[in-house]
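Reviewing the structure listed below.
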Amino acid sequence: MYIRNLRKSFAGLATFLLILLHTSAFAQQSPAAGPKHSLWKVSSKTNTVYILGSVHLLKQGDYPLDQVFEKAYENSQQLYFEIDLDNVDNQKLQQLTVDKGTYGSMQSLSQTISKQTYELAKQRLAGLGLKIEQFERLKPWLLATTIAVAELQKLGYDPGEGVDQYFYRKAKTDGKKVDGFETAEYQLNLLADMPARMQEEMLLQTLKDLDETSTQIAAVVDAWKAGDAVALDNLLLKSFKDFPDVYKTLVVDRNMNWLSKIEPLIGRKENVMIIVGAAHLVGKDGLIAALKQNGYQVEQL
């Protein structure tokens, strides 16, 4: 059952979920000169590159989106996502999740993580109406993601309602070109290949923050709707200070990889819309700061 539930989620969602549930600080709203959105544009002499910070899961009630997003989409000939959603092999991804996310017959969760973390996981799963014995074969990274997905879906948030999924469906209907910076397999491997210590840290932080999930995700969505980059930075990234290795793996390294793929899109003939998790755009290590540092004209819409 958990594999079926996760199958859709790994298409760009898993990393964001883990970032989202690792928050512990609540942001103050930053002052703004006027209405802003989680959308930036990079202007060149020949084209415009729009960069939209996505919330990978929303509720149906969060739609319709503001017209500024729709206009950017209409003005773009090609869309780039974190992954190429046209080339997600769900069956292969499901099997890879099993291969990478479960222990063999000689190991189990209780043998791998500390007693304290195991007991906390047992309590949290019980709160979700689940027994930890059902998850003995899951490695910590997959258990963390399973718990995150279960809690968020219980709150009514749906990966199928994410901003990236919305624009992907729209692009397919309109016959627009789509592409991606990574593969779903690559994203899954980022989590699966983390050392055991990092995996347990991820699980522990997810378990500790579970009680605040409802408030936290509501704050993230509100900040996203307000285009409040300061609040998003505080909500999504600040708590990573205690987990620098996880932050580097899931955020910084990927931002630098994407930057090398975004820069060649600037100066093309056609306009491009890039849609990636909002956490990758904000903060000192975010893509927006990196583009500005490299001399590009970047404007928040």
Side chains of Y103 and T112, donor plus acceptor under 3.5 Å: yes

T117: partners by side-chain hydrogen bond (donor to acceptor under 3.5 Å, both in side chains), with sequence neighbours left out: S114, E200

Salt bridge (charged side-chain N to carboxylate O under 4.0 Å, His left out) partners of residues 47-58, not counting sequence neighbours, each pair once: none

Partners meeting side chain to side chain contact (heavy atoms under 4.5 Å, CB included) with Q77 (sequence neighbours left out): E270, N271

Residue pairs passing the ring-ring contact (aromatic ring centres under 6.0 Å, His included) test where at least one lies in residues 183-207, sequence neighbours excluded: none

By side-chain hydrogen bond (donor to acceptor under 3.5 Å, both in side chains) - contacts of D179 (at least two apart): none

Test: D233 and K284 ion pair at under 4.0 Å: no

E182: side-chain hydrogen bond (donor to acceptor under 3.5 Å, both in side chains) partners, not counting sequence neighbours: Q187, R254, W258

Within 6.0 Å of CD in Q111, more than 12 heavy atoms from elsewhere: yes

For the student: nearest non-hydrogen atoms of T206 and A144, plus distance: CG2-O, 3.8 Å

N-O pairing of E151 and K154 below 4.0 Å: yes

Cation-pi check, K176 onto F167 ring (under 6.0 Å, within 45° of axis): no

Check: E82/H56 side-chain N/O donor and acceptor closer than 3.5 Å: yes

K248 atom NZ, over 12 foreign heavy atoms within 6.0 Å: no

Heavy-atom pair with the smallest gap, counting every atom of A171 and V178: CB-CG1, 3.7 Å

side-chain hydrogen bond (donor to acceptor under 3.5 Å, both in side chains) against T183, all qualifying residues, sequence neighbours excluded: none

Over all atoms of both residues, closest heavy-atom pair of R124 and D211: NH1-OD1, 2.9 Å

Chi angles and distances behind the side chain to side chain donor-acceptor pair (under 3.5 Å) call for D99, Q95: CA-CA 6 Å; D99 293 342; Q95 186 58 53; 2.9 Å; yes

Minimum heavy-atom distance I147-L203, with the two atoms named: CD1-CD1, 4.4 Å

Salt bridge (charged side-chain N to carboxylate O under 4.0 Å, His left out) contacts touching residues 86-95 (sequence neighbours left out): D86-K172

Test salt bridge (Lys or Arg N to Asp or Glu O under 4.0 Å) applied to K59 - qualifying residues, sequence neighbours left out: none

Flag for Y118-Q123: side-chain donor and acceptor within less than 3.5 Å: no

Any donor-acceptor N/O pair, S43 side chain to T48 backbone, under 3.5 Å: no

Those residues that, when tested against K122, pass side chain to side chain contact (heavy atoms under 4.5 Å, CB included) (two or more places apart): E119, I132

Contacts of type side chain to side chain contact (heavy atoms under 4.5 Å, CB included), residue Q293, not counting sequence neighbours: A289

For the student: nearest non-hydrogen atoms of A192 and Q199, plus distance: O-NE2, 3.4 Å

Side chains of residues 294-301: which donor-acceptor pairs under 3.5 Å do they make with residues two or more places apart or in other chains?
unit_1 : atom_1 : unit_2 : atom_2 : d
N294   : ND2    : E263   : OE2    : 3.0
Y296   : OH     : E263   : OE2    : 3.1
Q300   : NE2    : H37    : O      : 2.9
Q300   : NE2    : G227   : O      : 2.8

